[in-house]
Amino acid sequence: MFGKNAREIPEEKLDRLATEIVRAAACRGDEEAESVASSPFLYTRVAARIEERRRAQGDEGWLAALAVAWRAVPAMALVAALASALLLWFGVSGATGAQSQSGFEAISDTRGTGVVSTVLSDTGSLSREEVLQIVVYRDELESHK
Amino acid sequence: MRRQKSQPVETVDALQPHEEESDDALVRRVRAGDESAFERLFERHRARVGRVAARFFPRREAVEEIVQETFVKAYFALDTYAGAHAASFAAWLSQIAVNLCYDELRRQRRRPQHAETNITEEEAQQLGARLDRALSTESNVESDLVSRDLAAKLLARLDAEDRLVLTLLDAEGHSVAEIAELTGWSQSKVKVRAHRARAHLRRVLRKYL
């Protein structure tokens with residue numbers, strides 16, 4: 001189909017044809033340019049485009065700030081998580097430390113006549129109310145029998 | 001449209017009446033916040049920018065797009081234009097226009113419809129007949145026109161850089177030094193590109209002859 005005469009064509013002739021082709025592609029250039037130049041609203045469109053781009057640049061400032069904030073969210077979340085973990089860790093270990101330091105707490109009873117009875121009671125053990133409840137419950141069971 | 005810098009404009013106005021104002025003076029006024037000066041620059045140079053764009057693109061819309069975008073880019077880059085620079089305002093504007101044309105050529109090469117520019121056998125015969133006339137006579141080959149559509153289809157087979165260099169050399173008649181200044185390439189790159197572009201176009205032509 002194509003390319004049958006290709007080998008016999010001298011380069012010089014091909015170059016001349018190539019030049020002609022390049023010029024042919026651009027030959028209506030001046031006409032196009034003149035018609036574009038005579039377009040009455042061209043500057044209005046340029047001005048509108050400038051305004052639009054300026055506005056976009058203004059919006060870009062906000063968008064850039066939002067983008068920075070958005071990028072900071074994971075870092076801030078990580079810091080918050082670390083802070084919470086540390087708070088929990090020290091809170092728990094602090095509480096257990098305090099408990100282990102004084103495994104017993106002093107229960108003061110000032111109801112006696114000038115006598116302060118101090119009972120050392122293990123904090124893990126039953127309270128007085130619970131002991132009373134158990135005693136009462138046991139008495140009730142025995143009375144039923 | 002309003003420029004953010006606002007300095008007194010009256011001093012420049014008083015010194016130079018509008019009719020005699022140079023491009024550099026108008027640029028100074030635009031920088032000072034006078035938008036009408038930019039409109040004057042536009043009126044003065046739009047035909048030149050249009051001519052540059054029309055060398056590369058046959059469609060009116062494409063030419064208009066390049067013209068508009070050139071002036072928009074120029075407006076936002078006015079602070080980088082130094083009046084005392086070796087390039088005049090016109091040359092500076094042409095640089096922007098040529099670079100935009102180059103970008104558009106590259107975009108066109110990437111578009112899928114680019115592949116649709118097939119050359120028919122009839123068009124190949126037209127090309128062959130044209131070459132036969134050139135071979136048989138020593139007449140001025142350039143006086144007879146290859147159809148613009150066919151020329152555009154053939155050039156569409158070239159890389160954007162090849163097409164840019166050939167158009168600037170053969171259609172615009174620029175020298176290597178001028179093309180180097182317009183494109184920002186070195187002169188040796190322009191020469192190498194031109195050599196390769198010619199070889200590429202010869203290969204394309206051989207394929208269809």
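Here is the naming used below: chain letters follow the sequence lines, and residue numbers restart at 1 for every chain. Only this structure's heavy atoms are used, side chains among them; waters, hydrogens and symmetry mates stay out. Worth saying up front: this structure is predicted, and the values here are computed from it rather than measured.
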| message | I need the residue from B:R163, B:E69, B:R48 with the largest number of non-hydrogen atom pairs under 4.5 Å to chain A. | response | B:E69
| If you take all heavy atoms of A:A25 and B:A151, which pair is closest and at what distance? | N-CB, 3.7 Å
| query | Is the number of heavy atoms from other residues, nucleotides or ligands within 6.0 Å of NZ (B:K189) greater than 12? | reply | yes
| Could you name the residues of residues 166-176 of chain B that have a heavy atom within less than 4.5 Å of a heavy atom in chain A? | B:L166, B:T167, B:D170, B:A171
| query | Just how far is it from atom CD of B:Q68 to atom OG1 of A:T44, taken to the nearest 0.5 Å? | reply | 10.0 Å
| Atom pair OG1/CZ of A:T19 and B:R198 - distance to nearest 0.5 Å | 5.5 Å
| remark: Here the pair of heavy atoms bringing A:R54 nearest to B:F76 is N-CZ, 4.0 Å
| said: Would B:Y75 and A:R49 count as a side-chain hydrogen bond (donor to acceptor under 3.5 Å, both in side chains) here? Give the steps. | reply: CA-CA 11 Å; B:Y75 181 84; A:R49 205 178 273 203; over 6 Å; no
| request: Measure the shortest side-chain to side-chain distance between B:L205 and A:I21 over non-hydrogen atoms and say whether it is less than 4.5 angstrom. | output: yes
| request: Answer yes or no: is there a side-chain heavy-atom contact under 4.5 Å between A:I50 and B:F71? | output: no
| From CZ (B:R202) to CG (A:D15), nearest 0.5 Å | 4.5 Å
| said: Can you tell me which portion of B:E65 sits under 4.5 Å from chain A's heavy atoms? Options are side chain, backbone, both or neither. | reply: both
| Worked verdict on B:L201 versus A:V22 for side-chain contact (heavy atoms from CB on, under 4.5 Å) | CA-CA 10 Å; B:L201 191 51; A:V22 173; 4.1 Å; yes
| note | Sorted by chain and residue number, the ring pair (Phe, Tyr, Trp, His ring centres under 6.0 Å) partners of B:H45 (sequence neighbours excluded) come out as B:F89
| remark: By side-chain contact (heavy atoms from CB on, under 4.5 Å), B:V192 pairs with (sequence neighbours left out) B:R196
| query | With sequence neighbours excluded, what pairs up with A:A85 under the side-chain contact (heavy atoms from CB on, under 4.5 Å) test? | reply | none
